[in-house]
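Scroll down for the structure; my scribbles are underneath it.
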Amino acid sequence: DKFHLHTDLIAGLPYEDFGSLAKSFDDIISLGADHFQMGFLKILPGTEMANKIDKFELIHTDYEPYEILKNRWLSFDEIIHLKQIEKLLDKIQNSGKFIFTSKFCYQIFDSAFEFYSQFSLWLVANGFDDRIKNWTKNAEQLLNFVTEYHPEHRVLLLDLLRYDWCITSASVFPVFLLSEKFKNLQIKSQAYLRQFNQSGIIKFKEFEISVKDIKRANYFHAETAVFYEFVSIEPKVWLYLEQKVLFGINPELIFFPTRN
């Protein structure tokens, strides 16, 4: 049985600067934990840490939870930046809704920490509210951010975002993911399946699905060949309904029906 792995990283501990914290961050990401919580040192009155405020040049809030603002190794600006990274980490990594997209982003930005660091700076520079937790808005911002830095990966990133949507969402695709090519895929796939309609039930090979559900389903077929190298699935047109894969169809049956 798979166990649930929860990891924590506390920023602001003595002797850990921004660089070593970034390495610790990436080490934790590499563990593939189910949840990665990034917290900040609390200097509680009467504790040993509170007695070493001068030694470690600690400055913290004078109200609960007495959270660190800076120390000898981390500046105030670096702490603020880490807090911005923490918010992004929660929305992307911990949401469990950017499974393959996040892995790819970690690769092209050389590390997970660098990705979150650059993304958070981009959000601030563009005046976005980093408190918003909405998949569609967060994903669209991520797409625009990555496109600005790596325009050559935009189409693959769209493939990854669509796939993550299929396996984690019960709703139809957000509008920003529907290119004309992808809309055409949906239309042709539904048209192909309707020929197997028997009294309101689509009977395709050993599978059965209602006509109503083929309208609700998400149809996925990557626009890039490299997607299938990154995500180990066959290059078929896949039907997803409420986060579950139903079956796959040979793309030639849909796009070139007269050949079959």
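- Between Phe56 and Trp73, the ring planes lie tilted relative to each other; the angle falls in the 30° to 60° range.
- Salt bridge status for Glu223 with Arg154: absent, with no side-chain N to carboxylate O gap under 4.0 Å.
- Judged by the 6.0 Å distance and 45° axis criteria, Lys205 is not positioned over the aromatic ring of Phe207.
- Once rounded to the nearest 0.5 Å, the distance linking CG of Leu157 with CD of Glu152 reads 11.0 Å.
- Remark: side-chain polar atoms of Ser120 are paired, donor with acceptor, to backbone N or O of Ser117 under 3.5 angstrom.
- Test Phe119, Tyr116, Phe145 against Phe109 for ring-ring contact (aromatic ring centres under 6.0 Å, His included) and you get one pass: Phe145.
- Tested against His35, the residues Asp8, Asp90, Leu5 include a single side chain to side chain contact (heavy atoms under 4.5 Å, CB included) partner, Asp90.
- Between Tyr149 and Ile108 there is no side-chain heavy-atom pair separated by less than 4.5 Å.
- Proximity of a side-chain donor or acceptor of Asn71 to a complementary backbone N or O of Gly12 within less than 3.5 Å is detected.
- The side chain to side chain contact (heavy atoms under 4.5 Å, CB included) test applied to Ala22 returns Phe113, not counting sequence neighbours.
- Just one of Leu160, Ile92, Leu89, Leu142 meets the side chain to side chain contact (heavy atoms under 4.5 Å, CB included) condition when paired with Ser102; it is Ile92.
- Note that Arg162 lies in the cation-pi zone of Phe182, set by a 6.0 Å cut-off to the ring centre and a 45° limit from the axis.
- No salt bridge links Glu140 with Lys137; every basic N to acidic carboxylate O contact stays at or beyond 4.0 Å.
- With hydrogens and angles ignored, the 3.5 Å screen pairs a side-chain donor or acceptor of Asp26 with a backbone N or O of Ala112.
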